[in-house]
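Quick note on labels: first sequence line is chain A, next is B, and so on, each numbered from 1.
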Protein chains: 2
Amino acid sequence: MEYYKIDEVARKTGLTKRAIRYYEEIGLFQPAKRSEGGIRLYTDEDIQQLKRMSEIREVLGFSLQEIRRFMELTEELEAHRRGYRQSDVPEKQVEELKEIRDTVTRQLDMIRYRMKKMTQFKQELEELLDRVNKGLARRENQ
Amino acid sequence: MEYYKIDEVARKTGLTKRAIRYYEEIGLFQPAKRSEGGIRLYTDEDIQQLKRMSEIREVLGFSLQEIRRFMELTEELEAHRRGYRQSDVPEKQVEELKEIRDTVTRQLDMIRYRMKKMTQFKQELEELLDRVNKGLARRENQ
DNA sequence: GAAAAAATTAACGTTAACGTCAAGGTTAAT
DNA sequence: ATTAACCTTGACGTTAACGTTAATTTTTTC
């Protein structure tokens, strides 16, 4: 497998090196491994995940704490599928699933609300742009 | 006309009193007027505008600086319509209109990009929610 | 008109998310 | 085996957007 050092990861993700190290510092994202000398090494999958985190932050405006929760959801569900489906205490499983469901539901509500509002802003801006363009055309036809 | 004091404005907009005063402090938003004794008085229109600013911040993640620019756009266009349509130097008018057009175009691009990404996240979450619900149903049918 | 309730300014505090050195260790290229 | 280029870990600095507290004024209510 191929490994990348932090500078290339920064270029490929659009994050700064400092940000990537910071995410590790607060326990948000660990590199695939380190070299003998302690240099951070990342895989392509790592890069995809960092990109995803960056997009979530940019688009949804999540804090890093919220992103952590968001990323955990996928993981938790994966765990449910594989691991302790048969093993663990059933009650605890249901509780966990319900909590996931509630979190996801809240996030979906928020996304729907924002998309609705965004559509409004978009329309307003499109009308505004239209008026501006008409004003410009009028001035150039003279 | 009816006037409201800051406490009521805060309740009606969802902003805190501190935030409202801060917006004034940085020159982002001025109340309609003050009382003799210096107490801030707001109109219904003020409240609508504050609500709008709050939504822009929440949904688009704009900084207060960006919100200022955003609010100025509408105003500038208003000015163009009424005031110096005939009076001012035509060259300057065209420059201003072009700048507005460019700003709005950039904002629209950004909104379209975000809505696209949001739609993706929404789909992912809906699928995830689906799987969670199926998991829960399976557990309750036993 | 006195007391309570709410408003004002001023000023310092807080938090997240990095930016920016500095001092030193690792790796790659000659 | 040197450099040069890149990496590491501290550790302190910065910025936006308020929160909080305190000391005074204004307004409202009884």
Side-chain angles (χ1 to χ4, degrees), chain A residues 1-43 46-47 49-72 110, chain B residues 1-43 46-47 49-72 110:
Chain A
M1 211 191 305
E2 203 178 345
Y3 289 105
Y4 308 91
K5 281 182 282 184
I6 199 166
D7 193 72
E8 193 162 358
V9 176
R11 282 209 321 284
K12 289 195 176 182
T13 59
L15 294 166
T16 66
K17 294 192 275 183
R18 178 61 171 106
I20 298 170
R21 290 200 192 99
Y22 179 66
Y23 292 175
E24 184 178 347
E25 197 180 318
I26 63 170
L28 183 58
F29 185 82
Q30 310 297 324
K33 63 173 211 172
R34 297 254 190 161
S35 77
E36 289 279 310
I39 285 178
R40 279 167 254 255
L41 297 172
Y42 301 86
T43 65
D46 285 349
I47 292 176
Q49 206 175 340
L50 282 170
K51 254 190 197 161
R52 185 144 192 277
M53 287 165 44
S54 169
E55 281 174 356
I56 291 173
R57 202 169 138 51
E58 197 187 357
V59 173
L60 302 182
F62 277 20
S63 72
L64 298 185
Q65 281 297 326
E66 289 168 321
I67 290 178
R68 184 204 304 270
R69 186 81 190 100
F70 193 92
M71 304 301 277
E72 277 170 6
M110 189 260 284
Chain B
M1 210 190 306
E2 202 179 345
Y3 289 104
Y4 308 92
K5 282 182 282 182
I6 198 164
D7 193 72
E8 193 162 357
V9 176
R11 282 208 322 281
K12 288 194 176 182
T13 60
L15 294 165
T16 66
K17 295 192 274 183
R18 178 61 172 109
I20 297 171
R21 291 200 190 98
Y22 179 67
Y23 293 175
E24 184 179 347
E25 196 181 320
I26 64 171
L28 182 59
F29 186 82
Q30 309 298 325
K33 65 173 210 172
R34 296 254 190 162
S35 76
E36 290 279 310
I39 284 179
R40 279 166 253 257
L41 298 172
Y42 301 85
T43 64
D46 284 349
I47 292 176
Q49 206 174 341
L50 282 170
K51 255 191 196 160
R52 186 147 191 275
M53 288 165 44
S54 168
E55 281 175 356
I56 291 173
R57 202 168 138 52
E58 196 187 358
V59 172
L60 302 181
F62 278 19
S63 71
L64 298 184
Q65 280 298 326
E66 289 168 323
I67 289 177
R68 183 204 304 271
R69 186 82 189 98
F70 192 92
M71 304 301 277
E72 277 170 6
M110 188 260 284

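Under 4.0 angstrom from either OP1 or OP2 of C:dT8 there lies at least one side-chain N or O belonging to B:R40. Contact annotation: B:R57 reaches the phosphate of D:dC18 (side-chain N/O to OP1 or OP2, under 4.0 Å). Using a 4.0 Å cut-off, no side-chain N or O of B:K5 falls inside it from OP1 or OP2 of D:dT27. For the pair A:S35 and C:dT27, the criterion of a side-chain N or O lying under 4.0 Å from OP1 or OP2 is met. Phosphate proximity of D:dC18 to B:Y23: present, with a side-chain N or O under 4.0 Å from OP1 or OP2.
Atom C1' of nucleotide C:dA7 and atom CG of B:D7 are separated by 10 Å, given to the nearest angstrom. In this structure, B:I6 atom CD1 and C:dA6 atom P are separated by 14 Å, rounded to whole Å. For the pair B:E36 CD and D:dT25 P, the interatomic distance rounds to 18 Å; values are reported in whole Å. For B:E25 and D:dA17, the CD to P distance is 13 Å, given to the nearest whole Å. Between the CD1 atom of A:I20 and the P atom of D:dC7 there is a distance of 10 Å, rounded to whole Å. As a whole-Å value, the separation of B:Y4 OH from C:dA7 P is 15 Å. Nucleotide D:dC6 holds its P atom 12 Å from the CD atom of A:E8, rounded to whole Å. Distance B:L41 CG to D:dT26 P: 14 Å, rounded to the nearest Å.
Side-chain atoms of B:L64 lie closest to D:dA17 of the nucleotides D:dG19, D:dA11, D:dA17. The nucleotide whose nearest atom lies closest to any side-chain atom of B:R34 is, among D:dC18, C:dT8, C:dT27, C:dT8. With distances taken from any side-chain atom of B:K17 to the nucleotides C:dA7, D:dC7, C:dC18, the minimum falls on C:dA7. The side chain of A:T16 lies closest to C:dC18, out of D:dT8, C:dC18, C:dT8. You'll find that the side chain of A:R18 is closest to D:dC12, out of D:dC12, D:dT8, D:dC18. For B:I39, whose side chain is taken as the heavy atoms from C-beta onward, the closest listed nucleotide among D:dC12, D:dT26, D:dC7 is D:dT26.
The pair B:K5-B:E8 fails the salt-bridge criterion, with no side-chain N (NZ, NE, NH1 or NH2) lying under 4.0 Å from an Asp/Glu carboxylate O. Salt-bridge formation is not detected for the pair A:E58/A:K51: no Lys NZ or Arg NE/NH1/NH2 atom is positioned less than 4.0 Å from an Asp or Glu carboxylate oxygen.
Summarising the geometry, atom CZ belonging to B:R21 is positioned 14.5 Å from atom CZ belonging to B:F29; distances are rounded to the nearest 0.5 Å.
Put simply, the residue from B:E2, B:R34, B:K33 that forms a side-chain contact (heavy atoms from CB on, under 4.5 Å) with B:L41 is B:K33.
When atom types are taken as modelled, the side chain of A:E66 and the backbone of A:S63 share a donor-acceptor pair closer than 3.5 angstrom.
Within the nucleic acid shown, A:I26 has no heavy atom closer than 4.0 Å to any nucleic acid atom.
Closest non-hydrogen pair, A:G27 versus A:R68, comes out as O-NH1, 3.3 Å.
Looking at which nucleotide of DNA chain C each of B:R21 and A:F62 is closest to, the 5′-most match is held by B:R21.
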